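Take a look at the structure set out below.
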Amino acid sequence: MDAYEIFEDWLVKNGAEFSRLELRSYDDSLNSTVSACTSIDDSSQSTAIDSSSEEKKECKSSSSEERNHGNHGNNRHNNHPDPDSNLDKDSEMRGVHAKIEIPADTICVAIPRKCLITVEMGQATQIGQVILRSDLDLDAPKHIFLMIFLLYDRKVNGESSFFKPYYDILPKTLSNIPIFWKESELDYLRGSYLLHQINDRVDAITEDYYAICNVAPQLAHIATLEEFKWARMCVCSRNFGLQIDGHRTSALVPHADMLNHHRPRETKWSFDDDLQSFTITTLQSISAGAQVYDSYGQKCNHRFLLNYGFAVEDNSELDGFCPNEVPIELTVDMTKWSTRNENGGENSNNSNDDENSIDPLFEARYEFWTRGDCDGSGSTTSSGLGPSTHAFSVAMGAALGAVVDSNANVHVNTQHTLRSQLSLSSTTAKAALDAVAGIISGEAGDNGSASTALKDNGNGNVAEIALTNTNAHASSTTQENVSTHVKSRTITATAVATPNPSNPRPHSSSVGSDDSSALALKRVRVCISSNENTRVLFSMLRVLAANGEDLRAMSTAPTLPFGDSGCSVYLSRALRGYTAANPDSAAFVTMQHAAFFRTCRDIRNPINLRNERGAMQYLMKVVASQLEAYTCSLAQDIVDLRDEEVYPMFSNRRHAKIQVRGEKEVLHHFGQWAQTALHIFDVIDNELIMERKTDSGQTGSSLNSHASFDSVIHAMDDDDAIHFTILRYCSDVLGALRKDAIQSIRNKTSRS
């Protein structure tokens with residue numbers, strides 16, 4: 001018997017039941033049925049904003065969903081050989097098929113409890129006990145305990161392990177999982193944020209391995225780091241979230257993890273307390289010979305690829321919704337942006353603005369942008385910057401303001417080195433860099449010492465500022481990975497003048513800025529839908545496009561029209577029977593702040609036509625910047641995927657192409673959204689011009705202009721290329737702004 005026959009025989013002898021099913025292996029000429037394989041039922045739709053903590057803990061976030069909905073799988077890991085992959089003989093694809101017709105509502109798989117590997121089994125091992133006592137902050141704790149049992153039992157018990165037949169059919173390599181891809185394969189994802197997630201996943205696994213080794217050195221004797229990574233991805237892709245005897249746990253379930261993915265789901269699974277078995281039940285009739293699928297859930301392709309090693313060609317639901325997402329990155333820019341107009345007006349473009357000059361609203365915008373962000377201790381603050389850190393940002397902005405080279409690049413990294421590639425033809429930049437060093441040194445107080453010096457590299461174009469600080473601490477949330485903790489280290493700020501042709505600016509991760517003078521990066525995952533994340537994205541865009549009047553309207557706490565010395569929380573306190581608070585007291589300030597706490601995510605309704613136009617212009621800018629990071633266009637991706645010789649089915653190269661194509665589709669959707677909205681703004685602007693020129697008694701022009709707006713909306717309604725979310729936004733949101741603007745003009749005319 002081969003390994004799979006031994007495996008099935010082991011299950012049957014221990015009480016498993018799957019007599020209606022059979023395992024099949026597939027050769028290189030996979031049929032269309034198998035090509036539908038891709039990966040378990042997670043009905044949740046991701047709407048969370050992609051913050052840095054989520055990116056660092058992506059495994060944790062994903063594993064939570066995997067525990068709740070049972071993400072798992074097998075043959076998705078055994079794909080066709082990729083030209084650049086090193087797959088061995090065990091990498092053939094397999095699937096589960098029906099031997100006979102199986103009616104709906106039939107238990108087709110039953111795996112007894114004793115054949116399951118659970119979290120509690122990992123916790124019971126020596127290493128598991130040490131981990132429990134150590135209270136380690138691990139990336140995905142339930143996964144860890146499953147991994148520990150898997151590694152411990154295979155190594156310590158070996159041939160005598162009860163689970164040896166199961167271990168023998170697990171894939172020896174996982175070359176289709178991106179964390180195991182070679183550099184040449186990762187290059188297929190160039191421009192995709194998935195590359196960052198892959199790196200984060202590798203870092204998280206590595207950190208977990210060494211953290212456990214520190215408290216349980218025996219782990220190093222049981223598994224190498226590479227074996228630990230293998231176990232992590234085996235568990236990540238196969239575990240089921242179960243409730244056994246009323247207790248939530250996760251488990252590896254032999255045979256059940258062999259089912260491939262398909263949506264809509266055709267089966268459901270659970271742990272049956274009466275049978276004391278894990279069961280899979282059909283939801284519909286399955287014909288003889290057909291493949292039996294599980295559903296790994298409604299997921300974005302980046303999650304399928306990262307966790308399972310495949311991407312779905314057509315990842316759409318029956319209703320047409322596609323859960324594919326792309327993170328859109330937004331930052332506060334220190335420099336002016338020409339679409340902001342302090343003087344108001346519908347069209348805010350001003351060619352006289354200097355886009356490289358410092359934004360006078362930067363400080364106020366940054367304060368509001370970071371309001372509610374977590375500080376270093378994890379607590380929420382009303383501002384993301386402390387006084388000295390904020391001063392650091394302003395000083396850095398001053399340095400950027402002195403830059404002559406528009407391609408200046410500023411980079412702060414966790415190695416505690418600040419390097420600025422600046423054209424220092426002006427002494428102002430040098431002075432600003434001195435100010436930066438002075439601000440950082442000011443953090444040290446009496447315990448720190450600072451020294452600054454300007455140096456010439458012999459060419460007259462390098463200024464270096466060195467700061468030695470024995471007890472300084474500077475922290476900033478200016479970028480995802482920007483956190484400088486200085487203790488007995490040397491900070492060096494180096495400015496180098498570099499001509500444009502020889503040093504083109506690399507693509508900045510701070511999308512939405514022409515240079516890297518942008519701070520406080522926020523990342524929002526969006527899909528082709530008008531969901532919560534889309535609303536958050538538009539809210540942030542409104543903040544970035546705001547002028548001074550807009551910012552004040554956004555950030556100022558409203559007051560209620562009743563007394564108690566202006567206490568805005570008086571009514572709610574009175575309704576609850578509390579006494580009035582003294583408006584000068586600390587308690588009142590706290591209550592007022594809590595009652596009207598607004599952040600950059602809360603501007604859910606448009607401010608005015610000018611601001612909304614600016615938001616759409618900013619969105620166009622962001623989308624264009626992110627699309628530039630890819631190596632080819634969306635149209636080229638579509639053409640490439642038709643070539644199955646260059647992009648073989650189930651190859652890493654094809655899956656990578658599917659992933660980046662999906663990202664570009666979302667970006668193009670939001671690009672079309674912004675472009676369509678800007679066209680509607682032009683229509684509205686023309687109407688408003690006509691309205692101003694029309695006397696109150698001459699209604700014809702106004703009516704004709706109103707019809708023009710309606711005709712554009714009707715044309716959009718008839719255009720299948722316009723997504724309904726864009727149509728609704730233009731019709732309802734922009735239509736309401738238009739109506740208000742016209743009414744405002746008529747009110748002014750009537751008063752005059």
Side-chain angles (χ1 to χ4, degrees), residues 35-50 54-55 58-77 140 177-178 192-194 197 236-242 250 256-257 259-270 280-284 291-328 524-537 655 658-667 669-670 723-725:
S35 68
C37 298
T38 39
S39 247
I40 317 186
D41 189 30
D42 175 1
S43 59
S44 65
Q45 178 177 332
S46 175
T47 57
I49 295 177
D50 199 6
E54 183 187 20
E55 288 141 19
E58 174 63 24
C59 308
K60 188 173 186 177
S61 214
S62 295
S63 66
S64 174
E65 294 167 60
E66 289 153 12
R67 291 191 299 271
N68 292 336
H69 304 283
N71 296 346
H72 52 274
N74 179 61
N75 301 321
R76 56 194 173 277
H77 297 310
I177 301 289
S192 172
Y193 185 73
L194 182 58
Q197 293 179 292
C236 179
S237 61
R238 293 170 176 271
N239 83 100
F240 290 80
L242 301 174
S250 290
D257 58 8
L259 274 66
N260 290 314
H261 166 73
H262 179 73
R263 284 187 67 82
R265 64 177 185 161
E266 302 173 351
T267 59
K268 65 178 180 179
W269 51 263
S270 66
I280 296 179
T281 304
T282 57
L283 296 175
Q284 63 188 47
Q291 185 169 179
V292 181
Y293 292 105
D294 193 359
S295 167
Y296 303 174
Q298 178 180 283
K299 290 183 174 66
C300 172
N301 260 335
H302 88 271
R303 293 175 60 196
F304 283 138
L305 188 53
L306 183 64
N307 294 324
Y308 307 103
F310 70 86
V312 183
E313 295 257 358
D314 181 6
N315 196 24
S316 299
E317 298 294 302
L318 289 178
D319 61 1
F321 171 73
C322 179
N324 288 344
E325 300 172 328
V326 66
I328 289 184
V524 186
R525 280 199 170 277
V526 291
C527 61
I528 301 179
S529 173
S530 183
N531 58 13
E532 175 64 13
N533 276 18
T534 303
R535 290 185 281 274
V536 170
L537 170 66
H655 289 153
I658 294 170
Q659 169 62 27
V660 296
R661 181 200 64 181
E663 294 176 359
K664 293 173 193 175
E665 287 172 342
V666 178
L667 289 171
H669 167 76
F670 281 94
H723 196 268
F724 72 90
T725 56

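What you see is a predicted model, and the numbers here were worked out from it, not measured in a lab.
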Please name the pair of heavy atoms, one in [X] and one in [Y], separated by the smallest distance, quoted to 0.1 Å.
{"X": "Pro323", "Y": "Lys299", "result": "CG-O, 3.3 Å"}
{"X": "Leu305", "Y": "Pro178", "result": "O-CD, 2.9 Å"}
{"X": "Pro264", "Y": "Leu318", "result": "CG-CD1, 3.8 Å"}
{"X": "Tyr293", "Y": "Glu266", "result": "CD1-OE1, 3.7 Å"}
{"X": "His302", "Y": "Leu194", "result": "O-CD1, 4.0 Å"}

Using side chain to side chain donor-acceptor pair (under 3.5 Å) as the criterion, list what pairs up with Glu663, not counting sequence neighbours.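 Scan of Glu663 (side chain to side chain donor-acceptor pair (under 3.5 Å), adjacent residues dropped) gives Ser192, Tyr630, Gln659.
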Can you sort out the partners of His669 under side chain to side chain donor-acceptor pair (under 3.5 Å), two or more places apart, ordered by chain and number?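 For His669 there are no side chain to side chain donor-acceptor pair (under 3.5 Å) partners, ignoring immediate neighbours.
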With a 3.5 Å distance limit and no angle check, can you tell me whether Thr534 reaches the backbone of Ser529 through a side-chain donor-acceptor pair?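 Yes; judged by distance alone, with no hydrogens or angles, the pair exists.
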Please round to the nearest 0.5 Å and tell me the distance separating atom [atom1] of [X] and atom [atom2] of [Y].
{"X": "His723", "Y": "Thr725", "atom1": "NE2", "atom2": "OG1", "answer": "4.5 Å"}
{"X": "Lys268", "Y": "Thr282", "atom1": "NZ", "atom2": "OG1", "answer": "9.0 Å"}
{"X": "Ile177", "Y": "Leu306", "atom1": "CD1", "atom2": "CG", "answer": "8.0 Å"}
{"X": "Ser237", "Y": "Asp257", "atom1": "OG", "atom2": "CG", "answer": "8.0 Å"}
{"X": "Leu242", "Y": "Ser250", "atom1": "CG", "atom2": "OG", "answer": "7.0 Å"}
{"X": "Glu313", "Y": "Arg661", "atom1": "CD", "atom2": "CZ", "answer": "6.0 Å"}

Close side-chain approach of [X] to [Y], heavy-atom, < 4.5 Å:
{"X": "Ile328", "Y": "Leu667", "result": "yes"}
{"X": "Ile658", "Y": "Val312", "result": "no"}
{"X": "Val292", "Y": "Thr267", "result": "yes"}
{"X": "Tyr193", "Y": "Glu325", "result": "no"}

Reference residue Ile528; test side chain to side chain contact (heavy atoms under 4.5 Å, CB included); the match among Asn324, Val666, Val326: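 Of the listed options, the one satisfying the test is Val666.
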On the 0 to 90° scale, with breaks at 30° and 60°, tag the Trp269-Phe240 ring pair as parallel, tilted or perpendicular.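 The rings of Trp269 and Phe240 stand perpendicular, inter-plane angle above 60°.
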